[in-house]
S.K.: 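Have a look at this one.
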2 protein chains.
Amino acid sequence: MRSQTMQFNNGIYVQSSASVVGPKEAEGPLKGCFDKSYDNLYCGEATWELAERKLMSEAIELCLQKANKKNEEIDFFLGGDLLNQNITASYVAREKEIPFFGLFNACSTSMEALTLASVLLDGGFAEHVVTAVSSHFATAERQFRYPTEFGGQKPSTAMYTVTGSGAAYVSKKKSKIRVESATVGKVVDLGVTSPFNMGAAMAPAAVQTIKTHLQDLRRKPEDYDAIVTGDLSRVGTPILKSLLFEEGIDIYNNHHDCGILIYSADQKVFSGGSGCACSAVVTFSRLFDELKKGELRRIFVVATGALLNPLMIQQNESIPCIAHGVSFQYEDDYSNR
Amino acid sequence: MRSQTMQFNNGIYVQSSASVVGPKEAEGPLKGCFDKSYDNLYCGEATWELAERKLMSEAIELCLQKANKKNEEIDFFLGGDLLNQNITASYVAREKEIPFFGLFNACSTSMEALTLASVLLDGGFAEHVVTAVSSHFATAERQFRYPTEFGGQKPSTAMYTVTGSGAAYVSKKKSKIRVESATVGKVVDLGVTSPFNMGAAMAPAAVQTIKTHLQDLRRKPEDYDAIVTGDLSRVGTPILKSLLFEEGIDIYNNHHDCGILIYSADQKVFSGGSGCACSAVVTFSRLFDELKKGELRRIFVVATGALLNPLMIQQNESIPCIAHGVSFQYEDDYSNR
């Protein structure tokens with residue numbers, strides 16, 4: 001029988017990670033956790049697209065610096081973003097000169113990349129792999145919705161795209177964070193047609209992936225200190241919890257959502273954060289910090305993606321969604337090696 | 001030292017493949033090779049985007065039919081296309097309900113997908129994997145260049161996007177076509193800024209991948225019956241050959257280009273074919289047919305991708321390019337097993 005869940009039994013470890021963010025994220029509750037931030041959406045560049053590129057480039061640079069690795073020592077770079085034709089990742093790959101796999105699964109690309117990086121390492125096809133994803137409020141806004149200057153009103157179900165980039169460097173060298181397993185999502189579509197209600201659109205995909213993950217590994221929610229979704233935010237989160245509860249899976253006690261964690265309640269972000277960077281910058285900063293200290297011992301990060309395209313919305317299509325999940329485990333015997 | 005080339009020594013085989021194409025391709029010299037064709041760009045659908053989706057859906061359906069496999073028996077679907085946010089592949093993944101990895105490396109996605117499919121199989125993370133890519137003349141034209149109704153004039157260096165989709169099903173079961181190795185490309189940029197001259201833009205990426213492949217495996221061009229590029233066409237092909245010749249690598253005798261093979265000289269296609277489907281429909285039909293018969297014994301297919309985005313062109317950026325290569329080998333001891 002087909003299993004959507006892979007277990008990495010040969011030891012795949014996160015060596016280092018880094019997060020670089022924009023102004024809104026730097027003012028939020030996780031401000032002390034990020035490696036670098038900018039107080040302006042342009043980040044010192046001439047265009048928003050160049051700003052997003054800078055965020056990803058710097059996230060990779062800082063990530064590799066922490067592990068004392070150079071670009072030329074890295075076998076593969078797996079990355080993606082939300083811009084048409086993945087241009088942020090492609091231009092960063094040009095600059096870094098690392099052999100490149102371009103990926104796109106919208107905001108679930110962070111965990112798609114870590115899954116495939118782990119597969120490459122586990123099979124012995126690589127020794128050092130870096131992954132990175134990015135998003136940017138202003139580049140996403142004008143591409144997916146309306147021109148920024150238009151000043152369109154939004155409903156409260158809308159989400160605020162996180163400006164930032166997260167990078168992670170993985171290899172087989174033992175560290176405190178082990179990549180334990182990955183569950184690859186199927187595309188799920190509940191019929192939501194509004195790009196201003198992606199939390200509701202994505203919740204069923206997260207349900208499918210969490211349910212499948214627990215079944216495949218014969219685990220219960222309590223086997224995780226935290227089950228963390230990428231960007232369901234305040235609208236999608238209650239839908240996720242109640243849909244899972246109906247299936248007999250209770251995650252009310254240990255669920256968190258990166259889109260809720262990254263902003264405070266008084267920041268004007270509608271229902272919360274979204275974007276490729278949302279799950280990445282939260283997981284690769286705060287969550288990995290807590291894993292390294294053993295404050296979290298096992299977490300399941302489920303990055304959710306709305307496979308949204310403005311032309312399809314205009315053609316009256318609904319929004320297909322996907323969720324990829326990766327579990328990380330604290331390795332407490334690290335000090336003994 | 002980093003090697004960009006992976007060898008699949010545990011035996012990865014192409015079980016079946018299928019190609020579905022549009023009217024121009026069906027009138028070309030390979031007309032007898034494709035599994036299905038349409039005489040109209042709409043393919044019986046209301047929009048070009050729906051037509052492209054139908055092409056990919058049918059390519060997968062025909063491919064799996066040939067191997068007598070059902071969607072639910074397939075572990076993973078790896079796919080991509082040229083449309084913003086990979087929508088063709090995403091909507092097809094919704095329909096097929098196969099766990100999905102969305103990929104984007106422009107027209108090199110065909111070989112990126114086969115590479116990652118082989119990695120998943122070799123590492124034991126999957127038993128049955130299907131890959132598919134697509135492109136469509138009309139969806140690409142209006143997205144990347146000008147509205148079709150505008151009727152803009154094009155220079156002779158322009159390329160004609162292939163309408164079609166190619167799918168391949170790979171597993172570890174022995175067959176006549178073995179996936180032998182893969183060379184993952186780096187992003188290369190020669191500084192070409194015109195979306196009407198992609199052949200020239202992509203040639204250096206193909207040079208880099210072919211050169212690296214031969215070095216990594218200590219091989220010579222003569223070790224291949226054919227070295228086949230995806231879509232350099234009449235402009236990029238002479239550039240590729242002469243650049244390699246300057247490096248001491250002579251492929252004048254055994255090079256072919258899918259963008260030249262797919263159309264005849266009297267078809268009005270500017271310098272030749274391009275698009276994700278170009279390398280896929282030619283490789284998965286004609287080339288695989290010849291491999292199965294042993295008429296070709298070892299080939300290296302180098303799919304080239306221009307990581308093009310109209311907004312970047314407007315911002316005066318040049319076009320980053322990439323090339324991923326996969327070598328296929330005829331297994332003549334097949335009948336003995």
Side-chain angles (χ1 to χ4, degrees), chain A residues 2-4 6 46-47 49-50 72-76 80 82-87 89-91 93-106 109 112 115-116 119-120 122-128 143 183-189 305 307-312 315 317 320 322 324, chain B residues 2-4 6 46-47 49-50 72-76 80 82-87 89-91 93-106 109 112 115-116 119-120 122-128 143 183-189 305 307-312 315 317 320 322 324:
Chain A
R2 172 165 86 186
S3 165
Q4 288 173 237
M6 315 168 174
T47 71
E49 287 73 20
L50 290 174
E72 52 269 34
E73 295 176 87
I74 305 301
D75 297 305
F76 301 113
L82 294 179
L83 297 189
N84 294 340
Q85 285 72 56
N86 262 9
I87 44 159
S90 295
Y91 280 93
R94 178 180 75 178
E95 174 201 327
K96 305 289 181 191
E97 299 184 353
I98 305 171
F100 174 54
F101 288 107
L103 310 178
F104 181 80
N105 266 165
T109 308
E112 182 192 17
T115 301
L116 288 170
V119 167
L120 283 160
D122 197 289
F125 294 107
E127 288 179 36
H128 310 280
Q143 182 183 277
T183 299
V184 182
K186 285 191 211 176
V187 174
V188 175
D189 190 335
L307 304 168
L308 180 73
N309 165 301
L311 187 65
M312 288 297 96
Q315 291 185 8
E317 285 280 355
I322 194 162
H324 296 302
Chain B
R2 172 165 83 185
S3 164
Q4 289 173 239
M6 315 167 175
T47 72
E49 287 73 20
L50 289 175
E72 51 268 36
E73 294 175 86
I74 305 301
D75 297 306
F76 300 113
L82 294 178
L83 296 190
N84 293 340
Q85 287 73 54
N86 263 8
I87 44 159
S90 296
Y91 280 93
R94 178 181 73 178
E95 174 201 327
K96 303 290 181 191
E97 300 186 349
I98 305 172
F100 174 53
F101 288 107
L103 309 179
F104 181 80
N105 266 165
T109 307
E112 182 193 17
T115 301
L116 288 171
V119 168
L120 283 161
D122 197 290
F125 294 107
E127 287 179 37
H128 310 280
Q143 181 182 278
T183 300
V184 182
K186 285 190 212 177
V187 174
V188 175
D189 190 336
L307 304 168
L308 181 73
N309 165 303
L311 187 65
M312 289 296 96
Q315 291 185 7
E317 286 280 354
I322 194 162
H324 295 302

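Note that these values count all heavy atoms, side chains included, but never hydrogens, waters or copies made by symmetry. Chain identifiers are assigned alphabetically (A, B, ...) following the order of the sequence lines, protein sequences preceding nucleic acid strands; residue numbering begins at 1 within each chain.
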S.K.: Does B/Glu127 offer a backbone N or O that forms a donor-acceptor pair with the side chain of B/Asp75 under 3.5 Å?
M.R.: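 Such a contact is found between B/Asp75 side chain and B/Glu127 backbone.
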S.K.: Between A/Thr47 and chain B, with a heavy-atom cut-off of 4.5 Å, which part of the residue counts as in contact: side chain, backbone, both or neither?
M.R.: side chain
S.K.: Taking C-beta and beyond as the side chain, do A/Leu50 and B/Glu317 meet within less than 4.5 Å on heavy atoms?
M.R.: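 A side-chain contact exists here, since the closest heavy-atom pair is under 4.5 Å.
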S.K.: Tell me, for A/Ile98 versus chain B, whether the close heavy atoms (under 4.5 Å) come from the side chain, the backbone, both or neither.
M.R.: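 It is both, since atoms from each part get that close.
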S.K.: Any idea which of B/Ile74, B/Thr183, B/Leu83 has the most non-hydrogen atom pairs under 4.5 angstrom with chain A?
M.R.: B/Ile74
S.K.: For A/Leu116, is it the side chain, the backbone, both, or neither that has a heavy atom closer than 4.5 Å to a heavy atom of chain B?
M.R.: side chain
S.K.: Would you mind telling me which of B/Glu95, B/His128, B/Met312, B/Gln4 has the largest number of heavy-atom pairs within less than 4.5 Å of chain A?
M.R.: B/Met312
S.K.: Measuring only between side-chain heavy atoms, which start at C-beta, is A/Leu307 closer than 4.5 Å to A/Asn105?
M.R.: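 A side-chain contact exists here, since the closest heavy-atom pair is under 4.5 Å.
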S.K.: Can you tell which of A/Asn84, A/Leu82, A/Ile87, A/Leu308 has the highest number of heavy-atom pairs within less than 4.5 Å of chain B?
M.R.: A/Asn84
S.K.: Under a 4.5 Å cutoff for heavy-atom pairs, which residue among B/Arg94, B/Glu97, B/Lys96, B/Lys186 has the most contacts with chain A?
M.R.: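 The candidate making the most pairs under 4.5 Å is B/Arg94.
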S.K.: Tell me, out of A/Gly185, A/Gly123, A/Ala89, A/Pro310, who's got the most heavy-atom pairs with chain B below 4.5 Å.
M.R.: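 Most heavy-atom pairs within the cutoff with chain B belong to A/Gly185.
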S.K.: Could you list the residues that satisfy ring pair (Phe, Tyr, Trp, His ring centres under 6.0 Å) with B/Phe76, not counting sequence neighbours?
M.R.: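 Residues passing ring pair (Phe, Tyr, Trp, His ring centres under 6.0 Å) with B/Phe76: B/Phe101.
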S.K.: Counting only heavy atoms closer than 4.5 Å, note whether A/His324 contacts chain B via side chain, backbone, both or neither.
M.R.: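 A/His324 touches chain B through side-chain heavy atoms alone.
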S.K.: Where does A/Ile322 contact chain B at under 4.5 Å (heavy atoms): side chain, backbone, both or neither?
M.R.: side chain
S.K.: Relative to chain B, which segment of A/Gln143 carries a heavy atom at a distance below 4.5 Å: side chain, backbone, both, or neither?
M.R.: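 Side chain only.
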S.K.: What's the spacing between B/Phe100 CZ and A/Glu112 CD if we round to 0.5 Å?
M.R.: 7.5 Å
S.K.: Flag the one option from B/Ala46, B/Gly124, B/Pro320, B/Gly80 with the top tally of heavy-atom pairs under 4.5 Å to chain A.
M.R.: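 Heavy-atom pairs under 4.5 Å are most numerous for B/Pro320.
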S.K.: Quick check for you: among A/Thr109, A/Leu103, A/Val188, which has the greatest number of heavy-atom pairs under 4.5 Å with chain B?
M.R.: A/Leu103
S.K.: At a 4.5 Å cut-off on heavy atoms, which part of B/Thr115 comes close to chain A: side chain, backbone, both, or neither?
M.R.: side chain
S.K.: Can you tell which part of A/Leu311 gets under 4.5 Å to a heavy atom of chain B, answering side chain, backbone, both or neither?
M.R.: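 The answer is the side chain of A/Leu311.
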S.K.: In terms of heavy-atom proximity below 4.5 Å to chain B, should A/Ala93 be classed as side chain, backbone, both, or neither?
M.R.: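 Contact with chain B involves both backbone and side-chain atoms of A/Ala93.
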S.K.: Which residues pass the salt bridge (charged side-chain N to carboxylate O under 4.0 Å, His left out) test with B/Asp122, sequence neighbours left out?
M.R.: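 Here no residue qualifies.
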S.K.: Can you confirm whether more than 12 heavy atoms, excluding those of B/Glu73, are under 6.0 Å from its CD atom?
M.R.: yes
